[in-house]
Number of protein chains: 2
Amino acid sequence: MSTNQQDNHRLPGPVLRRFPRYLTHVRELKKVQQQWVSSREIAETLGLTTSTVRQDMSHLDLTGVSKRGYEVNRLEQVLGDTLGAHTEHRNVIIGAGLLGRALALHADFGEHGFKTVAIFDSDPKVIGRKVGPLTVRPMTLLKRMVRDQKVDIGVIAVPAQAAQMVSDQLVAAGIRGILNLAHTHLHVPKTVVVVEARILARMQEIAYAIRKRRSQQPLTMPAATPAASAGAA
Amino acid sequence: MSTNQQDNHRLPGPVLRRFPRYLTHVRELKKVQQQWVSSREIAETLGLTTSTVRQDMSHLDLTGVSKRGYEVNRLEQVLGDTLGAHTEHRNVIIGAGLLGRALALHADFGEHGFKTVAIFDSDPKVIGRKVGPLTVRPMTLLKRMVRDQKVDIGVIAVPAQAAQMVSDQLVAAGIRGILNLAHTHLHVPKTVVVVEARILARMQEIAYAIRKRRSQQPLTMPAATPAASAGAA
DNA sequence: TAGATTGTTAATCGATTAACAATC
DNA sequence: TAGATTGTTAATCGATTAACAATC
């Protein structure tokens, strides 16, 4: 009996957040019919160390083979199991603006086990419109839909000032998880999982990083060799 | 002379990723005309410890006051400075689908120093259409635009299979930072900052968390008190 | 076989939390 | 004043990296 796997201990956050990246890469390898992949190859592709990759793998019900690495098919299987790609997770989207509709039609969601069963809006002008195979519903139907359709996840795609109210309605309807795309922090009971998408925060990270780099621009020429800049006066 | 601030040392990643949350909260306080905020109040709102908040503040050019906390206006100022909210960062969006258009019209961007100066698409049927004040441009104009308009950041809102090609074009055009909303890992020279939005990965985190909770559901009744469940047979 | 690669232990590194003197 | 709160140091915790025997 090995020490690893047995989805019993909760995965460390950093590990869980690397798994989707592994899964993306592994699916690409599968498409190209590659059979085996080594920790070195994964590490190089994703900018990690081989140690990190092997440590992460040790959380999965999987064993690698010396000289070959991990079997691509098996890896896709266990990562997909962990990330719910092989279980249907039913979700609703609140907000039928551009963002809400983009998510409703987002092909990647379907390929990873997420099924959008309804989309809602509070604006009477929008209610009744078609979004792919769905029809925009009024908020009054939210609670019933979540219950009858066994919805797990609510995706909030409304303006920040409406997000907390929508969140409260989702919680009241018995939702288990919320993806928040609004730019605000949500308060929910601790029985409900909330993950914030924080797209603006990602932009702010970039803004910080590029200003940092500009200000640390060495005074030597761009093409300076390490030796040259090390020896600069 | 205090040990903190002087934007010289690069901020630790976890600190930088909490700053946008602080800024959001502080702007809400400002709206409500609150003058001072304590580490305890921030910690409680955002689910952190007071130690973490004070450690984070020590990276900013700011001093708190005993018994009162931090001045809301000053805090908004220094967080905004750090996150580029008071500097104009010019960006282009590649992809005029629902997602690209949603971002182009995203009000929060403008309020945080980000200005979208152009939106591009490769589809002739879409080129020429209006997106708010912008007109969708063909990809052939990308390079010129990035140079002439001094664009810092490119936002990739195209399907996964096109993302690497778009990224290469942005890099060739001299972009400094990229926000990638496509579900794929990008390879760029290390002079360019890439941040991946990974919305699907956030859904997968939720899927993992809710399945974990379901399976760890205690056998006692939902409404069981801590004492009751601790004593359960 | 020789060499590459895994799985795992131990060492290092860094982030969070606790503690507390200083201070308003 | 007494009590609340900061800023900072030290302790703890956890994640990453290094190292290496096992193995194919």
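Only this structure's heavy atoms are used, side chains among them; waters, hydrogens and symmetry mates stay out. All values derive from a computational prediction rather than experimental measurement.
For the pair B:Met57 CE and D:dT8 C1', the computed distance is 16 Å after rounding to whole Å. Atom NE2 in B:His59 sits about 13 Å away from atom P in C:dG14, given to the nearest Å. Here the P atom of nucleotide D:dG14 and the CG atom of A:Leu11 are 15 Å apart, to the nearest Å. At whole-Å resolution of the value, CG in B:Leu60 and P in D:dT8 are 13 Å apart. Nucleotide C:dG7 holds its P atom 7 Å from the CG atom of A:Leu62, rounded to whole Å.
With hydrogens and angles left out, the side-chain atoms of B:Gln164 and B:Asp168 include a donor and acceptor closer than 3.5 Å. Donor-acceptor pairing under 3.5 Å is lacking for the side chains of A:Asp152 and A:His89. B:His185 and A:Thr45 form no side-chain donor-acceptor contact under 3.5 Å, judged by distance and modelled atom types alone.
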With sugar-phosphate taken as primed atoms, P, OP1 and OP2 and all else as base, the protein-contact string of nucleotides 16-24 of chain C at under 4.0 Å (heavy atoms; B, S, -) is SBBB---BB

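Within residues 28-43 of chain B, the residues approaching DNA chain D are B:Ser38, B:Ser39, B:Arg40, by heavy-atom distance under 4.0 Å.
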Each base of DNA chain D marked ( ) or [ ] if paired in-strand (Watson-Crick or G-U under 3.5 Å), | if paired to another strand and . if unpaired gives ..||||||||||||||||||||||

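B:Thr52 contributes no side-chain N or O that, together with a main-chain N or O of B:Leu48, makes up a donor-acceptor pair within less than 3.5 Å.
For CD of B:Glu88, the number of neighbouring non-hydrogen atoms (other residues, nucleotides, ligands) closer than 6.0 Å is greater than 12. Atom CD of B:Gln34 is surrounded by more than 12 heavy atoms from other residues, nucleotides or ligands within 6.0 Å.
Salt-bridge formation is not detected for the pair A:Arg74/A:Glu76: no Lys NZ or Arg NE/NH1/NH2 atom is positioned less than 4.0 Å from an Asp or Glu carboxylate oxygen. A salt bridge is absent between A:Glu28 and A:Lys31: the closest approach of a Lys/Arg side-chain nitrogen to an acidic carboxylate oxygen does not fall below 4.0 angstrom.
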